[in-house]
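Order of listing sets the numbers, starting from 1, for every ligand and every atom in it. Every value quoted in this text rests on a predicted model; they were computed, and no experiment measured them.
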Amino acid sequence: MSGAKALWGGRFEGGMDPAMVPLNLSLDVDLRLWPQDIRGSRAWAGALGRAGVLELDEVQVLQDGLDAVASRLATGLAGPVPDEDIHSLVERLLREEVGAVAGKLHTGRSRNDQVATDVRLWGMEALEAVAAQLEGLARALVELAERSVDLIIPGYTHLQQGQPVRAAHWALSHLWPLLRDRDRMVGAGEGAAVLPLGSGALAGCPFPVDREFLRETLGFARVSENSMDAVSDRDWMAEALFAGSLVGIHLSRLGEDLVLFASREFGLVRVPDGFSTGSSLMPQKRNPDVGELIRGKSGRFTGNLVSLLTLLKGLPTGYNRDLQEDKRLLFDTFDQLALVLPAVTGTVEGLQWRPDRAGELLSEELLATDLADYLVRRGVPFRESHEAIGRLVALSERESVPLSRLSLDRYREIHPSFDADLREVFRWESSVESRATPGGTSRASVEVQIAEARRRLGAIST
Ligand code: ARG
C-alpha cells in the first residue's frame with residue numbers, strides 16, 4: 001500500500017506489513033471492473049444528490065470527474081499503481097480530478113455493496129454475451145444438421161455400433177444440450193439482476209437513497225430484500241459457473257466425437273484446416289486440436305465451480321474477505337468460454353462429412369434390432385425374436401457370411417416366421433425411416449427437430 005492512502009487508514013498506526021501487501025491486493029484481478037465501478041459510482045452520486053446528501057453541483061462535479069477517470073482508465077494504466085483494488089484506484093483518481101469533494105462519494109456506501117454491484121453488472125453482460133455465442137453455435141449445428149439429413153452413419157452405445165442414424169440426428173443431439181445451456185445462462189443472468197447497492201457494509205444505508213432509482217439507472221431487474229444477504233450472496237455466480245461447467249462438459253463430448261470421427265479408424269469427418277494443427281516432427285499429421293483443446297478446458301470450468309462452492313461454504317453471515325477470490329473464478333470461466341465458443345462454431349461451420357467412409361463403416365449388424373422387429377411385426381414376442389436374432393448373428397459370425405447373404409432357408413431354420421420380404425430390412429433407409437416417433441431419426445422426425453430448433457433460435461434471435 002506504500003504510496004497510496006488506504007480507504008480505511010484512520011485507526012491504524014504504521015503501515016501494512018510488507019508480507020500482507022501482496023496478499024491484500026486484488027487490483028490485478030478486479031481492474032477490469034472499472035467500467036462497472038464508474039457506472040455504479042455515477043449512479044450512487046446521483047442517488048446521494050436526490051437524497052439531499054450532496055448538493056446538485058457536487059453531484060455534477062463528481063460525475064464529470066468520474067467520466068474523466070473513465071477516459072484515463074480506458075487508455076490503460078501507464079505503470080504500476082499502489083492501490084489495493086479497483087474501488088480504491090477509482091477514488092484516488094477521482095480525487096486527482098476533482099479534489100476533496102471526491103471524499104463525499106463513498107457516503108453511505110461500502111466496498112461490500114459496491115463490489116457486489118460491480119461484479120453483478122459485469123456478470124449480467126458476460127452471461128448475455130455467452131448466451132449469444134451459444135446461439136451462434138446452435139445455429140451452426142442446425143445448419144450442419146440441414147446438410148446431413150441424407151447421410152446415414154452408425155449410431156453408437158458403449159462406443160460400439162448400435163443402430164443406424166441420420167448424421168443430422170447426431171448433429172442435433174449436440175444442439176439440444178447447448179440450447180439448454182443457453183437457457184441456464186439466461187436464468188443465471190436473471191439471478192444476477194438483483195441490485196445490492198444501498199446495502200452499505202451490512203445493515204443498510206442511513207441516508208434516504210432511492211434504491212428504485214439506482215435499480216432503474218443501473219439496469220437491474222429487482223432490488224435485494226436483505227442487506228446482510230445482499231453483500232454476500234453469490235448464488236447467481238454459482239449458477240453461472242455451473243452453467244459454464246455444463247457448457248464445458250457438453251463441448252468436451254462434442255470435442256471427443258470430433259476427435260474420434262476425424263481419426264483414420266473412423267474417418268467420418270474432416271475437421272477444417274483452420275482448426276487443425278500439424279506436428280513439428282511428423283510431417284503427415286493433421287491433428288483435430290480444436291476438439292482436444294475444448295475437451296481440456298472442461299475440467300477447468302468444473303474446477304472453478306467447485307472452488308466457488310468451497311469458498312462459500314461455512315462463511316459467517318455478511319461480507320467476508322474470502323469473497324475476494326470469487327472474481328478470478330468468474331472471469332476465468334467466462335474468458336475461456338469466450339475463447340472456446342467461436343472456435344467450436346467455426347469448426348462446426350466448416351465440418352465435412354466423408355460419405356464414402358460412412359458407407360464403409362456401416363456394419364450389417366446395425367440392423368439386428370430391425371430383424372428382431374421384423375419378427376415382432378409377425379407376432380413373435382420380442383424376447384423370442386431377440387434370442388433368435390442373437391443366434392442368427394452368431395451363425396453369421398461363425399460361418400463368416402454377412403447377415404444379408406444368409407439364405408432364406410438358414411433364416412427359417414432359426415425362426416419359421418421369416419419370409420422373402422426380410423430382404424427389405426437390409427435397406428439403411430428403411431431402418432432410419434422406421435424410427436418415426438417424435439425425437440426419432442426418421443426424415444420427418446429430424447425435420448420436425450430442425451424446425452423446432454429454428455423456431456427457438458428465431459424466437460431468441462437478437
Ligand atoms: N477487493 C474486495 C473484494 O473483492 C472489495 C471489497 C473489500 N471490502 C472490505 N471490507 N475489505 O471483495
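Side-chain atoms of S224 and R211 include a donor-acceptor pair closer than 3.5 Å. Side chain to side chain, R109 and S41 meet the donor-acceptor criterion of an N or O pair below 3.5 Å. Judged purely by distance below 3.5 Å, without hydrogens or angles, the side chains of S276 and D273 never pair a donor atom with an acceptor atom.
Taking every non-hydrogen atom of D85 and a distance limit under 4.0 Å, the qualifying atoms of ligand 1 come out as 1 (N), 5 (C).
Closest protein heavy atom to atom 9 (C) of ligand 1: N112 OD1, 3.6 Å. For atom 11 (N) of ligand 1, the nearest non-hydrogen atom of the protein is R111 NH2, 3.7 Å. Ranking the protein heavy atoms by distance from atom 1 (N) of ligand 1 puts Q324 OE1, 2.8 Å first. Atom 3 (C) of ligand 1 has its closest protein heavy atom at Y319 OH, 3.3 Å.
Between S26 and ligand 1, at least one pair of N/O atoms sits closer than 3.5 Å.
Taking 4.0 Å as the cut-off between side-chain N and carboxylate O, E125 and R39 count as a salt-bridged pair.
Cation-pi check for R120 over F220 is not met; the charged atom does not lie both under 6.0 angstrom from the ring centroid and within 45 degrees of its normal.
Residue K327 places a heavy atom less than 4.0 Å from ligand 1.
In this pair, W353 and W170 present their aromatic rings perpendicular. The plane angle is above 60°, beyond the 30 to 60° band.
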